[in-house]
2 protein chains.
Amino acid sequence: MGKLLIVGTVAFDAIETPFGKTEKILGGAATYIGLSASYFGLESGIISVVGGDFPVRYLDMLSDKNIDLEGVEVIKEGKTFFWSGKYDYNLNTRETLVTDLNVLAEFNPVVPENFMDCDFLMLGNLHPLVQMSVINQIPERPKLVVLDTMNFWMDNTMDELHQVIAKVDVITINDEEARQLSGEYSLVKAAQKIHKMGPQYVVIKKGENGALLFNNGDVFFAPALPLEDIFDPTGAGDTFAGGFIGYLASSHDVSFENMKRAVIYGSNFASFCVEKFGTERMQNLSQNEIQARLKEFKQLTQFDIELTH
Amino acid sequence: MGKLLIVGTVAFDAIETPFGKTEKILGGAATYIGLSASYFGLESGIISVVGGDFPVRYLDMLSDKNIDLEGVEVIKEGKTFFWSGKYDYNLNTRETLVTDLNVLAEFNPVVPENFMDCDFLMLGNLHPLVQMSVINQIPERPKLVVLDTMNFWMDNTMDELHQVIAKVDVITINDEEARQLSGEYSLVKAAQKIHKMGPQYVVIKKGENGALLFNNGDVFFAPALPLEDIFDPTGAGDTFAGGFIGYLASSHDVSFENMKRAVIYGSNFASFCVEKFGTERMQNLSQNEIQARLKEFKQLTQFDIELTH
């Protein structure tokens, strides 16, 4: 069993989809990553920051999942990061209505003593300088460092982002971000260019069209599970990342063959995440449900063709 | 080995992509379907119509692939169906520049005597009344009837189209067409509604995002092979259909497990088709190339996860 450290936002989200609307609910990249990874029963901790307005019951819920919160700073006089967004009718595009950075604006991550020897590090979507600060605080390089980022940092802090990208083993981005980062439309060519920036593994997320894992010449594809209804896509990418690194940390094996399984586990958790608003579905999954859906993934993708040459 | 009958266009295409432009070259749904199915070494024939301007060397090339052309009527004083289209920079959308129906306007398909006992019937994209006429000429229902169609017929001849759909075992359409036909955005729900129209199997093609095979509760997904460059998408859907029905006819097995393999074969051939203009790549494939790429499909999609429940 590996020891997993996650840095990312713990936040309030207010979400509007064609199916309904929420008040401020629990959100944030580290929340989704932590919940998803928690199903592997490993030692994990979050580094983040919240305000005095953040409900203790949310922190208790995460603690109950065996997620260490020593690295979550509570700034009593501050307010928690708040994001609000609205999805269009087919859930493929969303509009950001509000982004209140609040306590996140001055976020200064501090790695707890107990996680100085973490061997799996997940850098959730944040300012590249915050991500770099965490890398720099850990004395011995972890076995695997996974970076998630987004177009906002490419638009505004590309130099700092490139410095972080150069230091990680895996980058997870969506297809449009891969194109923006590489300047290539073909995702095969985009992955080739991104490999040269540093990461040995490139994961390109395509939402309802699945995810690609590139490792130089090799490529693996995991579809998204076809669902009757997608209720709320918020957090699906972070949930994917949490399932991916959580599986790798629990098996302590970072071979390409094992990364294939990790991508399937990530897709599996993401398929649950989108079934309800926010983190609701991810708070209470049973191992039976997880295994039953893995079986669906096998039926969806596995075939036997004998090769004659 | 089954006997495969294909009805569809044999045509001239003029294609413009970001990578180049062709004069009138060989095209047409039945041409792509026939070429793709020809690699299975089965008995196959085409029903179509061309004009006196259609080069004998094109017909010879198809005959050399063991495709029976007795059902291809040549109207000496007529001109061959001509389509011209232009793709945008990322090849995802195309504009039709010219559609000259010519001899196709009066197409009256006649099933050759030798194919009255065909056991696999592929209805390529054509007016639903032409497709229905072929169904009605065959005295004993074939083992499997596959229908391809497009949004044009949904816009203009929906009643006639529904009558044909009610008579087939498999329908192949793209994602937007599945949504239009069913009125459902979710492809899972769309497939459920289309099942109720008749077809036991629904294949939804998503271009570079792969293809889904639905059989009531069961679903299988085949990705498109990630390629460095896509040169010309023309004919990819027909090539997919030809590989799909060609494999089924050659193995004479229409179980769901075998249809999974057929979808992979279809995707395999489509991945070759898009590598060059028109039918060029599909005219000269070796069994080694086909098998090598099937191996790539296996590496792309196969994983081993042991289920614990």
Side-chain angles (χ1 to χ4, degrees), chain A residues 18 89-92 179 184-189 191-192 204 206-210 212-214 218-230 247 257-265 268 286-292 294-309, chain B residues 18 89-92 179 184-189 191-192 204 206 208-210 212-214 218-230 247 256-265 268 286-292 294-309:
Chain A
Y89 81 102
N90 61 21
L91 301 173
N92 276 336
R179 288 173 175 136
E184 292 285 349
Y185 185 81
S186 153
L187 296 179
V188 176
K189 288 186 179 172
Q192 287 166 356
I204 300 181
K206 304 199 295 174
E208 63 169 348
N209 290 314
L212 285 158
L213 166 68
F214 292 93
D218 291 326
V219 55
F220 178 70
F221 177 81
L225 199 71
L227 297 169
E228 274 195 41
D229 292 297
I230 295 173
Y247 178 75
E257 279 308 303
N258 206 45
M259 286 218 184
K260 291 182 176 183
R261 296 182 198 107
V263 168
I264 295 290
Y265 269 96
N268 196 41
S286 71
Q287 289 298 331
N288 275 337
E289 286 175 311
I290 294 166
Q291 294 287 322
L294 281 175
K295 195 174 169 190
E296 288 188 58
F297 267 95
K298 285 182 102 161
Q299 290 169 337
L300 180 66
T301 57
Q302 303 301 288
F303 59 86
D304 64 320
I305 288 181
E306 264 184 56
L307 303 176
T308 56
H309 288 61
Chain B
Y89 81 102
N90 62 21
L91 300 173
N92 276 336
R179 288 172 175 137
E184 292 285 349
Y185 185 81
S186 153
L187 296 179
V188 176
K189 287 187 179 170
Q192 287 166 356
I204 300 181
K206 304 199 295 173
E208 63 169 348
N209 291 314
L212 285 159
L213 166 68
F214 293 92
D218 292 325
V219 54
F220 178 70
F221 177 81
L225 199 71
L227 297 169
E228 275 195 41
D229 292 297
I230 295 173
Y247 178 74
F256 186 65
E257 279 309 303
N258 205 46
M259 286 219 183
K260 290 182 177 184
R261 295 182 199 107
V263 168
I264 295 290
Y265 269 96
N268 195 42
S286 71
Q287 289 298 331
N288 274 336
E289 286 175 311
I290 294 166
Q291 293 288 321
L294 280 175
K295 194 174 169 190
E296 287 187 58
F297 268 95
K298 285 182 102 160
Q299 289 168 339
L300 180 67
T301 57
Q302 303 302 287
F303 60 86
D304 64 321
I305 288 180
E306 264 184 57
L307 302 176
T308 57
H309 288 61

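All heavy atoms count here, side chains included; hydrogens, waters and symmetry mates do not.
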### Query
Looking at the rings of Y265(A) and F303(B), which for Trp means the six-membered one, are their centres under 6.0 Å apart?
no
### Message
Could you measure the distance from the CG atom of L227(A) to the CG atom of L187(B)? Nearest 0.5 Å is fine.
### Response
11.0 Å
### Side chain Q302(A), main chain T301(B), donor-acceptor under 3.5 Å
yes
## Note on the structure
One should read off an interatomic distance between D304(A) CG and I264(B) CD1, to the nearest 0.5 angstrom, of 11.0 Å
## Note on the structure
Taken to the nearest 0.5 Å, the spacing of I305(A) CD1 from R261(B) CZ works out to 7.0 Å
### Message
Heavy-atom pairs under 4.5 Å with chain A: which of E228(B), K206(B), K189(B) has the most?
### Response
E228(B)
#### Entry: Toward chain B, the part of D218(A) with a non-hydrogen atom under 4.5 Å
neither
### Task
Could you look at I230(B) and say if it's the side chain, the backbone, both or neither that has a heavy atom under 4.5 Å from chain A?
neither
### Query
Heavy-atom distance under 4.5 Å to chain A: side chain of Y185(B), backbone, both or neither?
side chain
### Message
Would you compute the distance between atom CG of L225(A) and atom CZ of F221(B) and round it to the nearest 0.5 angstrom?
### Response
11.5 Å
### Query
Between K298(A) and L307(B), is any pair of side-chain heavy atoms under 4.5 Å apart?
yes
### Message
I need the residue from E208(B), E184(B), K260(B), E257(B) with the largest number of non-hydrogen atom pairs under 4.5 Å to chain A.
### Response
K260(B)
